[in-house]
Amino acid sequence: QVQLQESGPGLVKPSQTLSLTCTVSGASMATGNDYWSWIRQPPGKELEWMGVISYSGSTYYSPHLKIRTSIAKDTSKNQFTLQLVSVTPEDTAVYYCAASKKLILGATAKDLYDSWGQGMQVTVSS
């Protein structure tokens, strides 16, 4: 069973870069054929798909967030990361990392994914 754990700063100032890490256990990112996603949920709103990185390193992003988002992976650490630049208070959300055996673009239904992190609250405020 793959387990995921988000980590990073819980408070980011406006205009700065939000950086989160998802640590993977129970699976090897170096040898597997999984897809690693970031999803967020702003307060009072639905889940929002942000992007995904494949086992081969290909990345796909939400058109809405593409110009501000970067997802990368470090297989030596069994981690993947999210960077969101030029944040505003509207980027305040609970951020989740998720894993799947299939490429999922845009969908956020929890049963589509094999594993989810517990989520991490990130607040953008000065």
Side-chain angles (χ1 to χ4, degrees):
Q1 179 71 23
V2 176
Q3 295 185 326
L4 308 173
Q5 179 66 59
E6 304 90 350
S7 61
L11 179 63
V12 183
K13 293 183 178 180
S15 80
Q16 293 188 340
T17 297
L18 182 159
S19 296
L20 296 178
T21 297
C22 184
T23 300
V24 179
S25 58
S28 170
M29 296 184 70
T31 59
N33 57 355
D34 302 272
Y35 297 85
W36 311 97
S37 301
W38 286 99
I39 296 164
R40 69 180 183 178
Q41 186 166 30
K45 298 184 179 181
E46 296 183 348
L47 290 166
E48 178 183 22
W49 182 81
M50 300 183 70
V52 59
I53 186 166
S54 76
Y55 55 91
S56 64
S58 298
T59 52
Y60 307 84
Y61 300 109
S62 164
H64 173 63
L65 296 169
K66 184 176 183 178
I67 59 172
R68 299 198 292 130
T69 308
S70 178
I71 298 174
K73 63 186 178 80
D74 185 339
T75 55
S76 66
K77 295 181 179 180
N78 231 35
Q79 296 176 331
F80 63 107
T81 59
L82 169 72
Q83 285 201 327
L84 184 66
V85 303
S86 303
V87 297
T88 72
E90 291 187 349
D91 293 309
T92 294
V94 177
Y95 286 77
Y96 298 92
C97 54
S100 60
K101 290 292 187 184
K102 299 179 179 180
L103 176 62
I104 300 171
L105 298 177
T108 58
K110 292 199 171 183
D111 58 1
L112 290 176
Y113 296 85
D114 299 297
S115 301
W116 287 75
Q118 65 182 20
M120 178 169 180
Q121 173 70 46
V122 179
T123 300
V124 179
S125 174
S126 56

Looking only at heavy atoms, which two atoms of [X] and [Y] are closest? And how far apart?
X	Y	result
K45	Q41	O-NE2, 3.0 Å
L4	C22	CB-SG, 3.7 Å
S19	P9	O-CD, 3.4 Å
M29	V24	SD-CG2, 3.8 Å
W36	D34	CZ2-CB, 3.5 Å

- Task: With the side chain counted from C-beta on, respond yes when V124 and P14 share a heavy-atom pair under 4.5 Å apart, and no when they do not.
- Result: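 Yes. Closest side-chain heavy atoms under 4.5 Å.
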- Provide the full list of salt bridge (charged side-chain N to carboxylate O under 4.0 Å, His left out) pairs with a residue in residues 4-21, sequence neighbours left out, each pair given once.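 Every pair satisfying salt bridge (charged side-chain N to carboxylate O under 4.0 Å, His left out) with a residue in residues 4-21: there are none.
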- Show the numbers, then the answer: is there a side chain to side chain contact (heavy atoms under 4.5 Å, CB included) between T69 and W38? CA-CA 10 Å; T69 308; W38 286 99; over 6 Å; no
- Would you check if the side chain of R68 reaches a backbone N or O of L84 as a donor-acceptor pair within less than 3.5 Å?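 Not confirmed, R68 side chain does not pair with L84 backbone.
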- Backbone N or O of G57 within a donor-acceptor pair of the S54 side chain at under 3.5 Å?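 A pair under 3.5 Å: yes.
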Is [X] linked to [Y] within one hydrophobic cluster, defined over Ile, Leu, Val, Met, Phe, Trp and Tyr using a side-chain heavy-atom separation of less than 4.5 Å?
X	Y	value
W49	Y61	no
Y95	Y60	no
L112	L103	yes

- Item | Result of checking I39, L105, I104 against V52 for side chain to side chain contact (heavy atoms under 4.5 Å, CB included) |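 Filter result, single survivor: L105.
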- Might you work through the side chain to side chain contact (heavy atoms under 4.5 Å, CB included) test for M50 and L82, ending with a clear yes or no? CA-CA 9 Å; M50 300 183 70; L82 169 72; 4.0 Å; yes
From [X] atom [atom1] to [Y] atom [atom2], the distance as rounded to the nearest 0.5 Å:
X	Y	atom1	atom2	result
Y113	S37	OH	OG	4.5 Å
S126	L11	OG	CG	9.0 Å
Q79	K73	CD	NZ	13.0 Å

- Message: F80 vs C97, test: side chain to side chain contact (heavy atoms under 4.5 Å, CB included). Steps then yes/no.
- Response: CA-CA 9 Å; F80 63 107; C97 54; 3.5 Å; yes
Show me the donor-acceptor pairs, under 3.5 Å and distance only, between side chains in residues 114-122 and residues at least two apart or in other chains.
residue, atom, partner, partner atom, Å
D114, OD2, K101, N, 2.9
S115, OG, V2, O, 3.0
W116, NE1, K110, O, 3.1
Q121, NE2, T123, OG1, 3.4

- Query: Looking at residues at least two apart in the chain, or sitting in another chain, which of them share a ring pair (Phe, Tyr, Trp, His ring centres under 6.0 Å) with Y35?
  - Reply: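 With neighbours one apart ignored, the set is Y55.
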- Worked check of side chain to side chain contact (heavy atoms under 4.5 Å, CB included) between R40 and D91: CA-CA 9 Å; R40 69 180 183 178; D91 293 309; 2.8 Å; yes
